[in-house]
Number of protein chains: 2
Amino acid sequence: MAGSDKNDSKDMIARTVVRNITDLARLAGVSPGTVSRALAGKTLVNARTREKIEALAREHGFRPNQMASGLRRQKTGVIGVVIPLGHDTRQQISDSFFMTLLGHLADELTLHGYDLMLRRVVPDEDADWLDRFIGSGMIDGVIVIGQSDQFERIEDVAEGYRAMVVWGNHQEGQRHCVVGTDNRLGGRLAAERLIAAGATRLAFLGDTGPIEFAARFAGAQDVAARMGLAPVLPLVTHLSPDRASEEIAGHFERHGRGIDGIFAATDTLAALCLTELRACGLRVPEDVRIIGFDDLPVARHTVPPLTTVRQDIAAGAHSLVDLLLRRLAGEQTESLVMPPELVTRQTA
Amino acid sequence: MAGSDKNDSKDMIARTVVRNITDLARLAGVSPGTVSRALAGKTLVNARTREKIEALAREHGFRPNQMASGLRRQKTGVIGVVIPLGHDTRQQISDSFFMTLLGHLADELTLHGYDLMLRRVVPDEDADWLDRFIGSGMIDGVIVIGQSDQFERIEDVAEGYRAMVVWGNHQEGQRHCVVGTDNRLGGRLAAERLIAAGATRLAFLGDTGPIEFAARFAGAQDVAARMGLAPVLPLVTHLSPDRASEEIAGHFERHGRGIDGIFAATDTLAALCLTELRACGLRVPEDVRIIGFDDLPVARHTVPPLTTVRQDIAAGAHSLVDLLLRRLAGEQTESLVMPPELVTRQTA
DNA sequence: AGGAATCTTGCAATCGTTTGCAATCGACTC
DNA sequence: GAGTCGATTGCAAACGATTGCAAGATTCCT
């Protein structure tokens with residue numbers, strides 16, 4: 001009898017669907033407002049009442065609807081992360097560097113109680129990409145990963161919108177808050193190392209369009225000029241492995257032996273390049289020196305291990321989030337340019 | 001004068017902040033309802049009215065608030081993607097495989113007009129991870145990437161929640177809808193290839209805890225038993241490169257020459273393993289054969305290039321999204337088990 | 001011209017939560 | 001015992017967009 005009673009009451013409870021705070025309020029015999037306060041952990045509610053409400057909530061697996069809460073409070077607890085893709089649409093999002101950065105961002109944001117909304121956009125097809133994201137009302141702030149060729153648009157938006165931080169290159173007097181490596185310095189380090197390793201005819205492998213890459217290229221160019229060498233030869237490629245391989249092969253055919261030092265825009269490209277050089281029967285670093293950028297895990301495991309310019313991705317992610325949260329809190333923040341670090345392994 | 005007038009009106013417009021549909025309605029001289037309908041592209045509004053409203057919206061850069069819209073329509077246009085991390089917290093999210101899958105998911109979802117909300121959870125610290133995400137009201141459906149050690153919990157949730165699809169391993173009679181590779185078959189293919197390449201003492205490299213890996217291991221075990229070989233030796237490691245390297249070295253020290261065929265749970269591990277073998281002075285494939293899993297880009301560029309078992313990540317992502325959307329539309333869907341494919345390169 | 005049929009539009013309720021304000025209830029003081 | 005002071009709680013108005021219903025405006029037909 002007692003058992004049956006207990007079961008009945010259990011069934012009753014299970015049968016009562018709790019869709020919203022009002023349902024729960026009815027069960028608890030209080031008003032919706034009180035439930036809201038209790039669940040939000042405010043001090044205004046009586047301890048016993050709060051416990052009762054919390055118990056009921058747990059029992060029914062009830063959680064306040066974040067949409068409604070967000071609407072009322074005018075904040076969502078979500079940070080947008082957007083990756084603008086250049087012409088080279090498909091690949092960048094699977095690019096190892098961006099993905100690693102994204103992973104760290106997810107960790108950092110979670111740590112601070114924020115969710116992450118990821119959006120991949122193709123600015124060429126959607127000029128409005130950034131405003132659309134911000135204006136959606138779904139996010140409290142936005143982190144832009146990579147400026148691509150959208151520097152100007154980002155500047156425009158920064159004018160009227162504070163809750164934005166960008167990963168990328170810093171330019172004298174720019175308005176938007178950026179976190180990134182000193183790419184130009186990185187380029188200099190790379191070129192200097194190539195030359196120290198005996199190279200005299202340098203090339204830059206990768207697209208020089210994106211502003212970060214352009215800066216790396218420029219840095220190498222600085223050094224070549226200073227040392228009285230021939231200008232660095234740009235070997236333009238896409239980033240996606242499939243296309244890049246062919247393109248690299250093509251470049252080698254054309255410029256063949258005219259090159260003895262290669263600065264690759266990315267470790268990924270450098271790795272491809274190594275494979276290609278091996279196929280051509282060129283020895284690294286004896287015939288050709290090569291140096292990458294990023295210091296991704298892959299750099300450690302190429303043969304021979306890749307000399308590269310290191311970016312501290314984890315620190316970058318940390319700073320991006322930190323600066324964004326400060327901005328959300330109303331603070332003014334400066335851009336942060338991090339120093340690159342040469343990691344000498346065996347390819348240069 | 002005329003010029004000044006024009007400027008004034010421009011300023012007026014610029015000064016009038018349009019925060020919501022009501023503001024815009026006032027400007028357009030219609031009711032909020034009409035604006036809503038116009039912006040939603042419904043046929044019910046007069047063409048001229050719609051144009052006027054659209055023009056005003058464009059002019060003021062107005063976009064309807066998605067939170068409010070979501071609240072009213074009871075759908076958000078957001079799909080949650082959640083990655084449960086095992087004990088091995090930090091690394092998995094930067095694991096190349098997951099990240100690649102994530103990239104493809106982002107592409108597929110965008111294609112269908114959905115946004116992607118990414119969440120990384122540590123089930124050990126938060127038993128409630130899945131319900132919490134689903135119950136948040138922020139997402140219309142959820143894609144779980146990897147079952148980790150959470151098979152049971154996922155099963156429980158699947159009982160009462162339809163809008164979920166999982167990437168992982170399929171088990172006879174399971175309730176939740178899963179997309180994944182036939183891991184056991186993959187394990188068999190790998191072992192068969194190792195044996196065909198001359199190996200007789202097999203080892204499995206990686207954690208055998210996660211259900212996908214366990215299935216791969218079991219597949220290899222099947223073959224070893226069938227061929228009358230000694231059981232496959234499990235060499236347990238973490239996934240993160242830093243720890244795995246040491247662990248692999250440790251395993252080699254202990255089991256030294258007792259192994260001549262290695263099946264790595266992952267290409268990443270296989271690549272590390274190659275480096276480690278090289279350091280030990282062992283030749284691949286002459287002394288030791290090795291075979292990976294996934295066919296990540298890295299597999300093509302190890303030295304020598306890695307023989308591996310291919311999973312079609314892009315197809316997987318496509319199917320995950322396809323099945324989820326069907327479920328959102330109310331359809332019943334079956335799990336999808338994709339066949340793995342042996343890619344023979346030079347390590348076995 | 002009168003009436004029916006079709007288009008457009010406005011009205012107001014609704015989604016679920018939060019929060020300022022005011023009301024209620026005890027307890028405590030003088 | 002009346003008055004005061006906190007501590008709790010309820011009430012109701014937001015937040016911003018959507019949508020069923022009904023009214024008003026057009027058009028069309030005879």
Side-chain angles (χ1 to χ4, degrees), chain A residues 16-54 56-57 60-78 113 115 132 134-140, chain B residues 16-54 56-57 60-78 113 115 132 134-140:
Chain A
T16 318
V17 228
V18 179
R19 318 206 143 289
N20 51 38
I21 227 171
T22 313
D23 288 353
L24 196 62
R26 202 177 355 258
L27 281 187
V30 297
S31 80
T34 305
V35 173
S36 171
R37 282 186 271 250
L39 261 31
K42 308 226 177 183
T43 51
L44 297 80
V45 267
N46 180 299
R48 277 212 308 284
T49 319
R50 122 126 19 79
E51 277 163 30
K52 180 155 110 191
I53 293 175
E54 280 172 346
L56 278 170
H60 292 270
F62 173 77
R63 293 164 210 308
N65 182 309
Q66 293 223 60
M67 286 256 140
S69 165
L71 177 58
R72 172 63 223 242
R73 307 210 333 260
Q74 296 291 82
K75 46 170 12 210
T76 64
V78 180
D115 268 312
R132 188 199 302 286
I134 292 169
S136 72
M138 287 282 277
I139 57 178
D140 290 342
Chain B
T16 318
V17 233
V18 180
R19 316 206 143 290
N20 50 39
I21 228 173
T22 313
D23 289 352
L24 197 61
R26 205 179 350 262
L27 280 187
V30 297
S31 81
T34 304
V35 172
S36 172
R37 284 185 268 251
L39 261 31
K42 308 225 177 184
T43 49
L44 297 78
V45 266
N46 179 299
R48 276 211 309 284
T49 319
R50 120 124 22 80
E51 275 164 29
K52 181 155 109 191
I53 293 174
E54 279 173 347
L56 277 170
H60 292 271
F62 171 78
R63 288 164 218 308
N65 182 311
Q66 294 222 59
M67 285 256 141
S69 166
L71 178 57
R72 172 63 224 243
R73 306 212 331 262
Q74 296 291 79
K75 45 172 8 212
T76 64
V78 180
D115 267 312
R132 187 199 302 288
I134 292 170
S136 72
M138 287 282 275
I139 56 177
D140 290 342

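Basis for what follows: all heavy atoms, side chains included, without hydrogens, waters or symmetry-related copies. In the text below, chain A, chain B and the rest are named by the order of the sequence lines, each starting its count at 1. Predicted, not measured: the structure shown is a model, and the values here were computed from it.
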Measuring to OP1 and OP2 of [N], would you say a side-chain N or O of [X] lies under 4.0 angstrom away?
| X | N | result |
| --- | --- | --- |
| A:N20 | C:dG16 | yes |
| B:Q74 | D:dT18 | no |
| B:S36 | D:dT19 | no |
| B:K75 | C:dC15 | no |

Could you state the [atom1]-[atom2] distance from [X] to [N], rounded to the nearest angstrom?
| X | N | atom1 | atom2 | answer |
| --- | --- | --- | --- | --- |
| A:K52 | D:dT8 | NZ | P | 15 Å |
| B:M138 | C:dT17 | CE | C1' | 14 Å |
| A:L71 | D:dT18 | CG | C1' | 13 Å |
| A:L44 | C:dC21 | CG | P | 14 Å |
| B:R19 | D:dA17 | CZ | C1' | 16 Å |
| B:K42 | D:dG20 | NZ | C1' | 11 Å |
| B:N46 | C:dT6 | CG | P | 18 Å |
| A:L39 | C:dG16 | CG | P | 16 Å |

Could you walk me through whether A:V78 and A:Q66 pass side-chain contact (heavy atoms from CB on, under 4.5 Å), step by step?
CA-CA 10 Å; A:V78 180; A:Q66 293 223 60; over 6 Å; no
A:I53 and A:A28: which non-hydrogen atoms are nearest, and at how many Å?
CG1-CB, 4.2 Å
Under the side-chain contact (heavy atoms from CB on, under 4.5 Å) criterion, do B:D23 and B:V17 qualify, and how do the steps go?
CA-CA 8 Å; B:D23 289 352; B:V17 233; 5.7 Å; no
Starting from the 5' end of DNA chain D, give me the residue, B:T34 or B:M67, whose nearest nucleotide shows up first.
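Upstream on the strand: B:M67.
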Select base, sugar-phosphate, or nothing to describe what B:V30 touches, counting heavy atoms under 4.0 Å on all strands.
sugar-phosphate
Under-3.5 Å donor-acceptor pair between B:R73 side chain and D:dT18 base
no
Any donor-acceptor N/O pair under 3.5 Å between D:dT18 base and B:R72 side chain
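Side chain to base: pair found, below 3.5 Å.
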Given DNA chain C, 5'-ward residue of the pair A:Q66 and B:G29, judged by closest heavy atom
B:G29
Of A:T22 and A:R37, whose nearest nucleotide on DNA chain C comes first from the 5' end?
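Of the two residues, A:T22 wins.
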Between B:R50 and B:K42, is there a donor-acceptor pair closer than 3.5 Å when you use the side chain of the first and the backbone of the second?
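Side chain of B:R50 to backbone of B:K42: a pair is present.
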So does A:G77 get a backbone contact from the side chain of A:D140, meaning a donor-acceptor N/O pair under 3.5 Å?
yes
For the pair A:M67 and B:T76, evaluate side-chain contact (heavy atoms from CB on, under 4.5 Å) and give the outcome as yes or no after the intermediate values.
CA-CA 8 Å; A:M67 286 256 140; B:T76 64; 3.4 Å; yes
Counting heavy atoms from C-beta on, name the nucleotide in [options] closest to the side chain of [X].
| X | options | value |
| --- | --- | --- |
| B:S69 | C:dG10, D:dT18, D:dG16 | D:dT18 |
| B:T49 | C:dT9, D:dC15, C:dG16 | C:dT9 |
| A:F62 | D:dG10, C:dT17, D:dC15 | C:dT17 |
| A:I21 | C:dT18, D:dG16, D:dG10 | C:dT18 |
| B:P64 | D:dG16, D:dT9, D:dA17 | D:dA17 |

